[in-house]
Amino acid sequence: MAIKLYSTLSRKKELFETIEPGKVRMYVCGVTVYNKAHIGHAMFALVFDILRRYLTYRGYEVRQVINFTDVDDKIINRANQMGMDPFVLAQNYITEFQAQIAALNILPATVNPRATQEMPQIIRMIEGLIEKGYAYPASNGDVYFRVNKDEDYGRLSGRKLEDMQSGSRIEIEEAKESPLDFALWKAAKAGEPFWESPWSQGRPGWHIECSAMNLSHLGEQIDIHGGGNDLIFPHHENEIAQSESYTGKSFARYWVHNGMLQFGGEKMSKSLGNLVTIEEFLTKHDGDVLRMMVLNSGYRNPLTYTDEVVEQTERALDRLKSALRPALPGAKGLGEEGRQALARQGEASKASFIEAMDDDLNTSGGLAALFELVRAINQARADGATEAELAAGQALLRELGAVFGLRLITDEGKPQAAAPFIELLIEIRAEMRKQKLWAMSDLIRNRLTELGVTLEDSKEGTGWRYQE
RNA sequence: GGCGACGUGGCCAAGUGGCAAGGCAAGGGUCUGCAAAACCCUGAUCGUGGGUUCGAAUCUCACCGUCGCCUCCA
């Protein structure tokens with residue numbers, strides 16, 4: 001079995017083969033830290049966390065680099081508005097984002113480089129591009145990339161230079177040779193932070209930092225380059241232009257782009273202002289819920305975010321967890337046939353999970369495989385499986401859930417201090433039920449429900465659990 | 001205007017040439033004193049109209065609709 005990944009460059013699913021056997025070099029464009037992160041940002045982080053976890057599960061050693069853009073116009077503007085130092089502002093949002101990533105159970109990247117910490121590499125790269133004629137310093141202290149010099153410019157996004165020029169609304173910058181040339185280096189205006197360079201006191205353009213970080217943290221050629229599909233043009237197009245012009249080698253083998261989170265029919269974005277921050281989401285919902293939403297659909301398609309969808313997803317997550325509940329009180333055991341049926345379903349689910357995930361990370365299909373396993377486990381439990389008989393299936397569910405990055409937190413994580421008292425109430429209620437004191441029995445049950453404890457009666461006794 | 005993607009049951013969403021996964025909701029049933037949970041059963045011919053093919057949700061053309069990029073953007 002082989003893994004296939006869709007690459008934006010070829011617009012096809014391609015067989016996944018790494019440069020170095022068994023090792024994956026993955027670069028993902030991170031966020032510009034000028035504001036609170038929203039759940040659209042969480043989506044990209046979740047998608048590439050899932051990709052990374054899956055590749056690891058399939059035996060690869062994954063080196064994942066995700067950058068922070070910590071100096072740019074928006075950061076500077078925002079800092080000025082707030083009367084803050086731009087570097088402090090950036091650092092605060094980085095700290096906050098990393099905490100939220102952890103709360104979402106996203107593994108920290110192998111490296112989180114930052115633009116401000118890569119200046120020597122960035123400057124070296126710009127110098128190299130100038131030497132080769134791919135870039136030129138302008139009279140205003142900026143340095144621009146000479147787009148016309150790059151013959152296959154536009155091949156990632158499928159654009160032609162002529163088309164862009166005719167319909168373009170790019171402001172004309174006097175210092176540029178051509179309107180489509182983009183900045184590698186920007187001279188600082190008064191009051192802006194700057195670094196020394198051969199051309200001016202200034203800062204790097206947005207695209208060059210990623211090229212430089214790739215080079216210093218992963219090498220000249222990488223396996224996977226990822227990010228949101230809104231970055232295809234111009235950001236990734238420009239990255240390819242810079243990196244390949246500089247090294248003379250093809251840059252990334254697989255260009256992987258996730259779809260946008262849709263909110264109210266539009267892309268959730270900072271500029272549109274239609275956003276739900278990660279912070280807000282996490283005060284209301286478990287992090288697994290957002291992950292489940294991502295898993296339920298194809299990573300390349302837009303993801304619909306509505307309150308209704310969140311609710312549905314929460315229920316679906318409850319169902320997944322339902323399989324992890326303990327055996328019924330007084331379970332008599334399945335017998336040989338039942339044990340084998342459950343084992344067979346486990347194997348089948350695992351196989352179809354891998355088959356789906358191998359096919360361009362079909363998480364929705366993988367999730368379906370988990371639900372098949374859930375049904376089999378619940379069936380077995382209903383048929384009287386003991387704790388020991390359920391254990392293997394449940395362990396597999398946890399194993400595959402962990403490949404998705406789902407925590408599947410159940411009662412075990414919750415405080416058990418109340419347990420003896422709840423059990424006491426159940427005991428008393430059992431006496432009442434014997435005497436058919438239904439009103440009192442129901443009162444106890446209802447009151448406990450209000451307190452977040454669900455009672456479930458069965459022939460063999462009454463079980464209880466915290467509401468999910 | 002240019003480039004690209006998408007339109008599958010009430011909702012979310014896989015499938016991309018050979019009898020339409022999965023989840024949520026809904027209805028019926030089993031269990032229960034009643035519940036709850038779980039289990040069992042029930043539903044779509046795939047935006048519209050042509051074309052290719054023995055056969056299409058899947059390929060092709062047109063049209064309608066939605067979204068993304070073309071300017072900072074995960």
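Keep in mind the model is a prediction, meaning the values are calculated, not measured. Throughout, protein chains are lettered first and strands after them, A, B, ... in sequence-line order, and every chain is numbered starting at 1.
- The side chain of A:Arg445 lies closest to B:G33 when the candidates are B:A38, B:A74, B:G33.
- The CZ atom of A:Arg11 sits 9 Å away from the C1' atom of B:A5 (whole-angstrom rounding).
- Set against B:G33, B:G22, B:A25, the side chain of A:Arg315 has B:A25 as its closest nucleotide.
- Taking the six-membered ring where tryptophan is involved, the planes of A:Phe68 and A:Phe97 are perpendicular, since the angle between them exceeds 60° and thus also 30°.
- Under the 4.0 Å criterion applied to side-chain N and carboxylate O atoms, A:Lys350 and A:Glu399 are assigned as salt-bridge partners.
- For A:Gln379, no side-chain nitrogen or oxygen approaches OP1 or OP2 of B:A38 to under 4.0 Å.
- As a whole-Å value, the separation of A:Leu156 CG from B:C70 P is 13 Å.
- Here B:C70 is the nucleotide among B:C39, B:C70, B:G33 with the atom lying nearest to any side-chain atom of A:Phe233.
- Here A:Phe371 does not count as stacked on B:G23, because the ring centres are not under 5.5 angstrom apart with planes under 30°.
- Nucleotides B:A38 and B:C19 are separated by 32 Å at their P atoms, to the nearest Å.
- Atom CG in A:Asp360 sits about 13 Å away from atom C1' in B:A14, given to the nearest Å.
- Taking atom P on both nucleotides, B:A14 is separated from B:G47 by 14 Å, rounded to a whole Å.
- Looking at which nucleotide of RNA chain B each of A:Leu261 and A:Asn378 is closest to, the 5′-most match is held by A:Asn378.
- For the C1' atom pair drawn from B:C54 and B:C59, the interatomic distance equals 16 Å after rounding to whole Å.
- Ranking B:A74, B:C67, B:G33 by closeness to the A:Gln262 side chain, first place goes to B:C67.
- B:U58 and B:A36: their C1' atoms are spaced 43 Å apart (whole Å).
- The side chain of A:Asn296 places no N or O atom within less than 4.0 Å of a non-bridging phosphate oxygen (OP1 or OP2) of B:A13.
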